[in-house]
Amino acid sequence: MTLKHNQIRLHNLEVLITEAGSAAKLARMAGTNSSYLSQVRNQLPTKKGTPRSIGDELAGKLEKAMKKPQGWMDTLPADGTTPQEENNAHDGPDLRSLHPLISWVQAGNWYEVSESFVPAYGSELLPCPVRCSPESFVLRVRGSSMEPKFHEDDLIFVDPNVSADHGKYVVVRLDESNEATFKQLIIEDGKQYLKALNPDWPNRIIEVDEEATICGVIVFKGEVV
């Protein structure tokens with residue numbers, strides 16, 4: 001599929017969403033997953049890093065659901081221009097950097113589930129203001145162990161493809177727990193430790209054993225105001 005071809009389909013998708021009343025309604029009418037339709041609409045990247053596009057099967061479902069003739073999704077708008085050729089068009093935000101807000105249990109198993117992970121209907125997808133990999137995810141901070149730098153309900157963006165170096169804040173799954181936690185990584189004399197920033201936290205520094213799994217490195221924090 002050429003870039004222009006995909007732009008035409010994306011433009012016509014917006015027309016159908018307007019006619020249906022919402023993207024969720026259109027997804028139901030077409031018998032497709034609304035989360036998948038959202039990913040296509042926002043051109044979220046695939047595992048290969050390429051933006052998702054409207055394939056022939058999905059295009060056919062949309063045409064049938066909205067009673068459009070076969071091939072309508074590939075029909076140019078009446079003025080013959082694609083959205084990027086329209087006058088006064090401006091680039092929007094880079095929605096390809098949207099990342100799912102997941103649970104701490106999901107974070108602990110991210111390596112196993114990330115490839116097949118599809119955000120549930122109604123789940124939050126959040127833009128990361130800094131560069132990060134497509135596999136990045138978002139967590140909501142719990143507890144006070146990382147105060148005063150991180151507070152309850154802060155959002156942290158975690159990139160599993162960033163190197164976990166000394167001093168970085170990491171999300172890690174410990175052997176005895178099914179879910180993840182996050183702490184500052186300390187590396188000394190070839191050993192790794194996890195440090196809570198809160199000086200009043202019990203067992204503030206613990207050694208990381210070989211069974212622990214570092215799930216990613218925090219690359220951005222969003223504060224609740």
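In this chain, numbering begins with 1 at the start of the sequence shown.
Each of L155, D154, I156 was compared with L139 under the side chain to side chain contact (heavy atoms under 4.5 Å, CB included) criterion, and only I156 meets it.
Relative to the ring axis of Y169, K183 does not place its NZ or CZ within 45° and under 6.0 Å from the centre.
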Could you walk me through whether R173 and E179 pass side-chain contact (heavy atoms from CB on, under 4.5 Å), step by step? CA-CA 6 Å; R173 184 186 69 191; E179 64 180 39; over 6 Å; no
With salt bridge (charged side-chain N to carboxylate O under 4.0 Å, His left out) as the test, would you mind laying out the steps for K67 and E19 before giving the verdict? CA-CA 11 Å; K67 302 186 186 313; E19 291 182 1; over 6 Å; no
When you look at L10 and E14, which way does the side-chain contact (heavy atoms from CB on, under 4.5 Å) test go after all the steps? CA-CA 6 Å; L10 286 171; E14 295 301 323; 6.0 Å; no
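Side chains of L185 and Q192 form a contact here, defined as non-hydrogen atoms less than 4.5 Å apart. Contact of the L126 side chain with the F157 side chain is registered, since non-hydrogen atoms from C-beta on lie closer than 4.5 Å.
D200 pairs by the side-chain hydrogen bond (donor to acceptor under 3.5 Å, both in side chains) definition with nothing, not counting sequence neighbours.
Heavy-atom minimum distance, L62 versus L16: CB-CD1, 3.8 Å. In terms of heavy atoms, A65 sits closest to M29 at CB-O, 3.4 Å.
No side-chain donor from either of N198 and S145 sits under 3.5 Å from a side-chain acceptor of the other.
The hydrophobic cluster containing I205, built from Ile/Leu/Val/Met/Phe/Trp/Tyr side-chain heavy atoms closer than 4.5 Å, also comprises I186, Y193.
Note on L101: it clusters hydrophobically with V217, by side-chain heavy-atom contacts below 4.5 Å among ILVMFWY residues. Cluster membership for I206 and I187, using ILVMFWY side-chain heavy atoms within less than 4.5 angstrom, is shared.
Checked by atom type and distance alone, the side chain of N12 pairs as donor or acceptor with a backbone atom of T75 at under 3.5 Å.
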